Amino acid sequence: MASDRTPHAFPRFDSVEDERRHRKQRLAAALRLFGAFGFDEGAAGHITARDPELTDHFWVNPLAMSFKQMRVRDLLLVNSEGEVVEGTWPVNKAAFIIHSHVHEARPEVVGAAHSHSPYGKAWSALRRPLLPITQDACAFYGDHAVYDEYGGVAFADEEGKRIAAALGTNKAAILANHGLLTVGQSVDEAAWWFITMERTCQVQLVAEAAGTVVPIDDEHATATAAQVGHRRAGWMSFQPLYDWITDQQPDLLEE
Ligand SMILES: [Zn+2]
């Protein structure tokens, strides 16, 4: 019997309402996946989705609501002043400080993800970039930054500005002694870069603990980066995870 499933296609939208619903569904699913993968640490961590119409507003998870219980209806819409304009819970101040500066500095960015996941946090204490030691790690080759001045919990506007400046035009940043930050032109892409970056940190930590690593040479790392690090590849890699989590936990789509 042939599969009754339809291959994934990059989405197109007829209305801003459809696009907004799509982004919120992806955001709630990404949060559930972060919860399933153990990326939560108490009330820390946030993923945002730029609103397709009010482009200086973004959707975000509420302060101290479990990633594992997130539903579309729980998401908050936050304006450029940090005020919750849709939703009933408070917003995490650090989420606003970091994500508002990132979304402002990078108009093409739709999704941004940050959490205190264990291996990203461990790697961030080394204050150095990831090496292209595997095919998957090449997604970050020449495309991530290290923000190497830990400036306290990101409650100050200046800290958000410095983080956005350190990120620059990259898809990801390692925030020293803190954790990982990734962005993408879709929520799917930003979430996937985070998931694979966390694993990349884990793999380099394990490999370096075992012996001397041998990175892929520049020519091959650059060519591989153009393939596995392409935004379409990031988007595609998220699709099986979205299918799985919405199948296993369909309540996440409740509006
Ligand atoms: Zn943080």
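Only this structure's heavy atoms are used, side chains among them; waters, hydrogens and symmetry mates stay out. Read the numbers this way: they start at 1 and go in the same order the structure lists the ligands and their atoms. The structure displayed is predicted, hence computed values, not measured ones.
- Using a cutoff of 4.0 Å between basic side-chain nitrogens and carboxylate oxygens, Arg71 and Asp251 are not scored as salt-bridged.
- Listed by chain and number, the residues in a side chain to side chain contact (heavy atoms under 4.5 Å, CB included) with Thr224 are Gln135, Cys138, Val228 (sequence neighbours excluded).
- Considering only residues two or more places apart in sequence or on other chains, His57 meets the ring pair (Phe, Tyr, Trp, His ring centres under 6.0 Å) condition with none of them.
- Annotation: protein N, O or S atoms under 2.8 Å of the Zn ion (ligand 1) (waters excluded) comprise His114 NE2, His116 NE2, His178 NE2.
- Between the Arg32 side chain and the Met70 main chain, a donor and an acceptor come within less than 3.5 Å of each other.
- Remark: Arg26 qualifies as a cation-pi partner of Tyr242 under the 6.0 Å distance and 45° angle criteria applied to the six-membered ring.
- Qualifying side chain to side chain contact (heavy atoms under 4.5 Å, CB included) partners for Pro11, counting only residues two or more places apart in sequence or in other chains: Phe13, His22, Trp235.
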